Structures are given as structure tokens and as C-alpha cells.
Amino acid sequence: MCQDPNCIFCKIAAHEIPSTVVYEDDQVIAFDDLNPQAPVHTLVIPKAHYADIADDVPVETMGAMVHAVKEVAAKKDLTQGFRVISNKGADAGQTVMHFHMHVLGGKHLGEGLLPEE
Ligand code: AMP
Ligand code: ZN
């Protein structure tokens, strides 16, 4: 497994830093965001280190990520829907440089993708 010793999400994937795990399999782990932006805010990450969604993530890993998103939605009872976001780079405001998908839900999120300016 490719790990970055300075990466906080690699440490979460290795259970070296505690997190509230929602779903886990051999390729991915999902855990609640420390600073939730919605009633449900869970992060899905590959256990292997990729900087972001554009970092040559293998298609099998992407499939495992999407499967995990659906598992999170089921476990969190997001029957009315949810939103998936993946920030890449400075313009998107990415702060943790380990590929992750935000799963947001538990309330009506509205139709706009971006906060009002
Ligand atoms: P992004 O801005 O897309 O890179 O998102 C990074 C997310 O990671 C933010 O929503 C943070 O609140 C979250 N985060 C950072 N450290 C932790 C942690 N130790 N456990 C859970 N979530 C974290
Ligand atoms: Zn990492």
C-alpha cells in the first residue's frame, strides 16, 4: 500500500489516527468529517495515497470509492439524496492532499453547487 508518512489521511487509513469509521473494505475507508458542513458529512478515501482525483487513480479504486459512497448513503439513511464533492487543487480549496470524496446530506442542500457570494 502506497503511504505518505506525512499524510494525515494515510494515518487515518492505517488506524494510526482515530476517526469515526462509517465503512471500510480492503481498498477504501469512509469516516465522518471533523468539521461537518451538513448533518451528514462523511469522507471516502482510498487507503493508498493519491494526491487528488486526477492523480492516476486506478479504475478499480474509483469503483471501490463509488461503492463506498453508496454504502455510506445506506448506513446514514440518506434516502432523500446526497451530494458528492471532490476538491482538486488550490482553486477548489483542497486542504488535505490525499484524494477524498465528501458525502454530504441529511438536509435539503438546494440546487446551487457553490455558496452564495
Ligand atoms: P478538502 O478541503 O476538500 O481538502 O477537505 C478536507 C476535509 O478534511 C475537511 O472537510 C476537514 O474538515 C477534513 N479533515 C481534516 N482532518 C480531519 C480528520 N483528522 N478527521 C476527519 N476529517 C478531517
Ligand atoms: Zn495519504
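Predicted model only: the values in this text are computed from it and were never measured. All ligand and atom numbering here is 1-based and tracks the order in the structure.
Classified by interplanar angle (parallel below 30°, tilted 30° to 60°, perpendicular above 60°), the ring pair His41/His102 is tilted.
When the Zn ion (ligand 2) is compared with the N/O/S atoms of His49, atom ND1 turns out nearest. The closest approach of His98 to the Zn ion (ligand 2), by N/O/S atoms, is made by ND1.
Under a hydrophobic-cluster definition in which Ile, Leu, Val, Met, Phe, Trp and Tyr are linked whenever side-chain heavy atoms come within less than 4.5 Å, directly or via other members, Val44 and Ile12 are assigned to different clusters.
The two residues Asp26 and Lys47 have their closest heavy-atom pair at O-CD, 3.5 Å. Summarising the geometry of Ser86 relative to Ile53, their closest heavy-atom pair is OG-CB, 4.0 Å, with the distance given to 0.1 Å.
Aromatic pair Phe31/Phe9: centroids less than 6.0 angstrom apart.
Annotation: Lys70, atom NZ; neighbour count of heavy atoms from other residues, nucleotides and ligands within 6.0 Å does not exceed 12.
Summarising the geometry, atom OG1 belonging to Thr61 is positioned 4.5 Å from atom CD belonging to Gln27; distances are rounded to the nearest 0.5 Å.
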Check each N or O atom of ligand 1 against all protein N or O atoms and list the pairs under 3.5 Å, with atom names and distances to 0.1 Å, one per line.
from	atom 1	to	atom 2	distance (Å)
ligand 1	2 (O)	Gly93	O	3.2
ligand 1	2 (O)	Thr95	N	3.4
ligand 1	2 (O)	Thr95	OG1	3.0
ligand 1	3 (O)	Asn87	ND2	2.8
ligand 1	3 (O)	His100	NE2	2.9
ligand 1	3 (O)	His102	NE2	2.8
ligand 1	4 (O)	Thr95	N	2.7
ligand 1	4 (O)	Thr95	OG1	3.2
ligand 1	4 (O)	Val96	N	3.0
ligand 1	4 (O)	His100	NE2	3.1
ligand 1	5 (O)	His100	NE2	3.1
ligand 1	5 (O)	His102	NE2	3.3
ligand 1	10 (O)	Asp33	OD1	3.2
ligand 1	10 (O)	Asp33	OD2	2.6
ligand 1	12 (O)	Asp33	OD1	2.5
ligand 1	22 (N)	Leu34	N	3.1

